[in-house]
> 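Here it is: the structure, laid out below.
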Amino acid sequence: MQHWLFKSEPESFGIEHLKKAKTTVWDGVRNYQARNFLRTATVGDLAFFYHSKVQPPGIAGLCEVIAVNVTDPTQFDPTSHYFDSKSSPDNPRWQTVKVRYVETFANYISLDTLRDTFSDDDLMILKAGSRLSVTPVSNKVANRILKMARA
DNA sequence: GCCAACGTTGGC
DNA sequence: GCCAACGTTGGC
C-alpha cells in the first residue's frame with residue numbers, strides 16, 4: 001500500500017463533491033509524469049485530496065483507490081475539455097484510477113502548515129514550480145499528515 | 001489578474 | 001533532435 005497526493009480545484013471538483021458522489025473516476029490528468037504515477041497505483045492505496053487554486057490551498061481529506069488501469073473516458077469525448085484527438089480506443093493514452101471517499105479531515109492542513117512541517121524533499125508539491133497533479137507521498141510523511149489531520 | 005515555472009508542439 | 005512559441009498550472 002502506498003500514499004499519494006491528488007490535486008484538484010474545489011471549484012470544479014472538491015472533497016465535498018466526492019463525498020456526495022461517494023466514488024469517482026479521477027479523470028482529466030493530461031500530464032505524462034502524473035499518468036505514469038497513476039499507472040503504478042494499486043487498489044487500497046490512499047490519496048490525500050489537495051485543494052488548489054483556493055485560499056488557503058491545502059489538504060482537505062482522504063480517498064482510497066478502488067480500481068486501477070481505468071481508461072479515462074473523457075479522452076474520447078469531443079465535447080469534453082479533456083478530449084484528446086490523438087488517442088484512440090484501440091490504443092488509449094490516458095489511464096487513471098477510480099477512488100472512493102474516505103474522510104474529510106477535522107483539521108484542514110494548509111500549504112503554509114505543510115511548508116512549516118516538511119521539506120521539499122519530503123513532499124514533491126513543496127518544490128518550487130511543482131505543477132504535478134499526482135505525486136507519491138512516503139509512508140512516513142503520510143503518517144505524520146494523518147496525525148495532524150485528526151489531532 | 002499576474003507571472004514564474006513547466007510541459008508540449010511543430011517547424012526546421 | 002533542437003528550440004522558439006505557445007499553453008497551462010497554481011500560488012500569490
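All chains are named by letter (A, B, ...) in the order of the sequence lines, taking the proteins before the strands, and each is independently numbered beginning at 1.
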> Per the side chain to side chain donor-acceptor pair (under 3.5 Å) rule, what does the pair list look like for residues 47-71 of chain A, sequence neighbours excluded?
A/Glu64-A/Arg100
> What salt bridge (charged side-chain N to carboxylate O under 4.0 Å, His left out) pairs are there with at least one residue in residues 67-78 of chain A, not counting sequence neighbours?
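Pairs touching residues 67-78 of chain A that pass the test: A/Arg30-A/Asp72.
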> Checking A/Trp94 now: which residues fulfil side-chain hydrogen bond (donor to acceptor under 3.5 Å, both in side chains) with it, not counting sequence neighbours?
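Here the qualifying residues are A/Asp84.
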> According to side-chain hydrogen bond (donor to acceptor under 3.5 Å, both in side chains), who are the partners of A/Thr23, at least two apart in sequence or on a separate chain?
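Listed in chain order: nothing, the list is empty.
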> Could you work out, with side-chain contact (heavy atoms from CB on, under 4.5 Å) as the rule, every residue matching A/Ser119, not counting sequence neighbours?
A/Asp121, A/Asp122
> Only distances under 3.5 Å count here; give the side-chain donor-acceptor pairs of residues 34-41 of chain A to other protein atoms, sequence neighbours excluded, each with its distance to 0.1 Å.
| unit_1 | atom_1 | unit_2 | atom_2 | d |
| --- | --- | --- | --- | --- |
| A/Arg35 | NH1 | A/Arg93 | O | 2.9 |
| A/Asn36 | ND2 | A/Tyr32 | O | 3.2 |
| A/Arg39 | NE | A/Gln95 | OE1 | 2.8 |
| A/Arg39 | NH2 | A/Gln95 | OE1 | 2.7 |
| A/Thr40 | OG1 | A/Phe37 | O | 2.7 |

> Would you give a per-nucleotide map of nucleotides 3-12 of chain B, 5' to 3', where B means the base has a protein non-hydrogen atom under 4.0 Å away, S means only the sugar-phosphate does, and - means neither?
--BBSS-S--
> Listed by chain and number, what are the side-chain hydrogen bond (donor to acceptor under 3.5 Å, both in side chains) partners of A/Thr113, not counting sequence neighbours?
A/Ser110
> Distance-only check: which donor-acceptor pairs under 3.5 Å involve side-chain atoms of residues 139-151 of chain A, not counting sequence neighbours?
| unit_1 | atom_1 | unit_2 | atom_2 | d |
| --- | --- | --- | --- | --- |
| A/Asn139 | OD1 | A/His3 | ND1 | 2.9 |
| A/Asn143 | ND2 | A/Asn139 | O | 3.2 |
| A/Arg150 | NE | A/Glu103 | OE1 | 3.4 |
| A/Arg150 | NE | A/Glu103 | OE2 | 3.2 |
| A/Arg150 | NH2 | A/Glu103 | OE2 | 2.4 |

> Could you check which residues of residues 46-61 of chain A get a heavy atom under 4.0 Å from DNA chain C? Sort them by number, please.
A/Tyr50, A/Ser52, A/Lys53, A/Pro57
> Tell me which residues in residues 5-13 of chain A lie within less than 4.0 Å of DNA chain C, going by non-hydrogen atoms.
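A/Lys7 - these, ordered by number, are the residues of the stretch whose heavy atoms sit under 4.0 Å from the strand.
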> The criterion is side-chain hydrogen bond (donor to acceptor under 3.5 Å, both in side chains); which residues satisfy it with A/Asp120, sequence neighbours excluded?
none
